[in-house]
Amino acid sequence: MNYWLFKSEPDEYSLSDLQGEPGGIGRWDGIRNYQARNFLRDQVEEGDGVLFYHSACKVPAVVGTARVARAAYPDPAQFDPESKYCDPKASTDKPRWYCVDIQWQSAFAHPVSLKAIKQNPALAEMVLVKQGRLSIQPVTSAEWRLIEKLGAGSD
DNA sequence: GCCAACGTTGGC
DNA sequence: GCCAACGTTGGC
């Protein structure tokens with residue numbers, strides 16, 4: 001069982017969008033960055049915990065949690081000429097991009113902002129702090145527990 | 001919308 | 001196989 005942080009722009013796909021899907025299960029697609037792709041394809045497993053992070057918005061923050069409902073499979077959008085995620089270099093024989101399904105689990109009473117994370121010494125080693133531009137990243141179990149606790153507002 | 005960090009691409 | 005150019009990401 002691994003823990004991850006997934007970033008999404010709330011204008012594109014927010015935590016409440018996921019919550020509104022049938023069964024709270026949505027496809028996490030459109031990943032077009034190789035580092036993120038490699039984590040997704042090689043390490044993300046069904047049942048893993050996901051911190052849902054809103055990026056490129058007014059208050060970047062972890063806003064809730066989800067779990068991985070289905071491990072990596074080829075992202076259908078890469079083969080769809082109508083999609084903005086279409087990649088002419090990808091083929092069904094040799095898919096280039098992958099996606100997973102995740103299921104909504106919780107919305108935090110108190111979103112944990114990037115600012116708060118940066119100010120917390122216990123979270124200084126998070127990949128989020130160390131390497132800014134990575135949309136899928138591993139989280140330690142200690143970091144997971146602390147962020148869940150902060151999100152619940154019981155600090 | 002600027003620009004920095006990172007990984008891939010491709011000309012030579 | 002070097003390395004400059006390019007694409008993506010995301011905080012500010």
Side-chain angles (χ1 to χ4, degrees), chain A residues 2-21 26-45 48-68 70-102 104-140 142-144 146-148 150-151 155:
Chain A
N2 300 308
Y3 296 105
W4 304 97
L5 183 146
F6 284 13
K7 293 181 182 176
S8 185
E9 301 186 20
D11 289 346
E12 291 281 327
Y13 196 81
S14 70
L15 180 63
S16 47
D17 288 334
L18 175 64
Q19 190 176 5
E21 302 267 18
R27 176 185 291 153
W28 194 271
D29 61 2
I31 300 297
R32 294 294 180 270
N33 167 280
Y34 289 94
Q35 271 182 294
R37 190 275 314 266
N38 292 344
F39 281 126
L40 202 60
R41 183 189 59 190
D42 303 333
Q43 296 186 46
V44 175
E45 296 172 351
D48 284 356
V50 174
L51 295 175
F52 200 111
Y53 179 90
H54 282 173
S55 68
C57 56
K58 208 152 62 176
V59 183
V62 178
V63 292
T65 63
R67 61 174 284 279
V68 176
R70 181 181 171 187
Y73 58 99
D75 183 347
Q78 69 193 307
F79 310 125
D80 178 3
E82 302 293 313
S83 170
K84 69 169 176 172
Y85 294 123
C86 180
D87 185 341
K89 291 183 182 158
S91 67
T92 45
D93 284 352
K94 300 189 84 172
R96 177 175 290 203
W97 305 109
Y98 289 80
C99 58
V100 298
D101 291 348
I102 62 173
W104 181 88
Q105 198 164 53
S106 72
F108 285 167
H110 301 281
V112 183
S113 69
L114 177 63
K115 195 174 166 213
I117 289 171
K118 284 182 170 171
Q119 286 171 353
N120 193 320
L123 299 173
E125 294 300 312
M126 282 190 73
V127 181
L128 185 67
V129 177
K130 295 278 202 182
Q131 184 184 339
R133 295 158 187 80
L134 183 56
S135 52
I136 292 183
Q137 53 182 258
V139 172
T140 68
E143 290 161 353
W144 171 278
L146 180 52
I147 288 185
E148 265 202 323
L150 296 173
D155 51 326

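Residue numbers start from 1 in every chain, and the chains themselves are labelled A, B, ... in the order their sequence lines are given, proteins ahead of strands. Keep in mind that what you see is a predicted model, and the values were worked out from it rather than measured.
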Starting at the 5' end of DNA chain B, which residue's closest nucleotide do you reach first, A/Gln35 or A/Lys89? A/Gln35
Identify whether any heavy atom of A/Lys130 sits under 4.0 Å from a base atom; if not, whether one sits that close to sugar-phosphate; answer base, sugar-phosphate or nothing.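 Touches nothing.
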With heavy atoms under 4.0 Å as the rule, sort A/Arg37 into base, sugar-phosphate or nothing. nothing
Return the orientation label for the A/Trp28 and A/Phe52 ring planes: parallel under 30°, perpendicular over 60°, tilted otherwise. perpendicular
Can A/Gln35 and A/Gln131 be counted as having a side-chain donor-acceptor contact under 3.5 angstrom?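 Judged by distance alone, the side chains do pair up.
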A/Tyr73 and A/Arg27: side-chain donor and acceptor closer than 3.5 Å?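 Result is yes, a qualifying pair exists.
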Work out which heavy atom in A/Tyr13 is nearest to a heavy atom in A/Gly26; give both atom names and the distance. OH-CA, 3.7 Å
Flag the pair A/Lys84 and A/Glu12 as a salt bridge only when some basic side-chain nitrogen lies within less than 4.0 angstrom of an acidic carboxylate oxygen. yes
Encode nucleotides 2-12 of chain C as B, S and - characters from 5' to 3', where the letter depends on protein heavy atoms closer than 4.0 Å: B to the base, S only to sugar-phosphate, - to neither. ------SBBSS
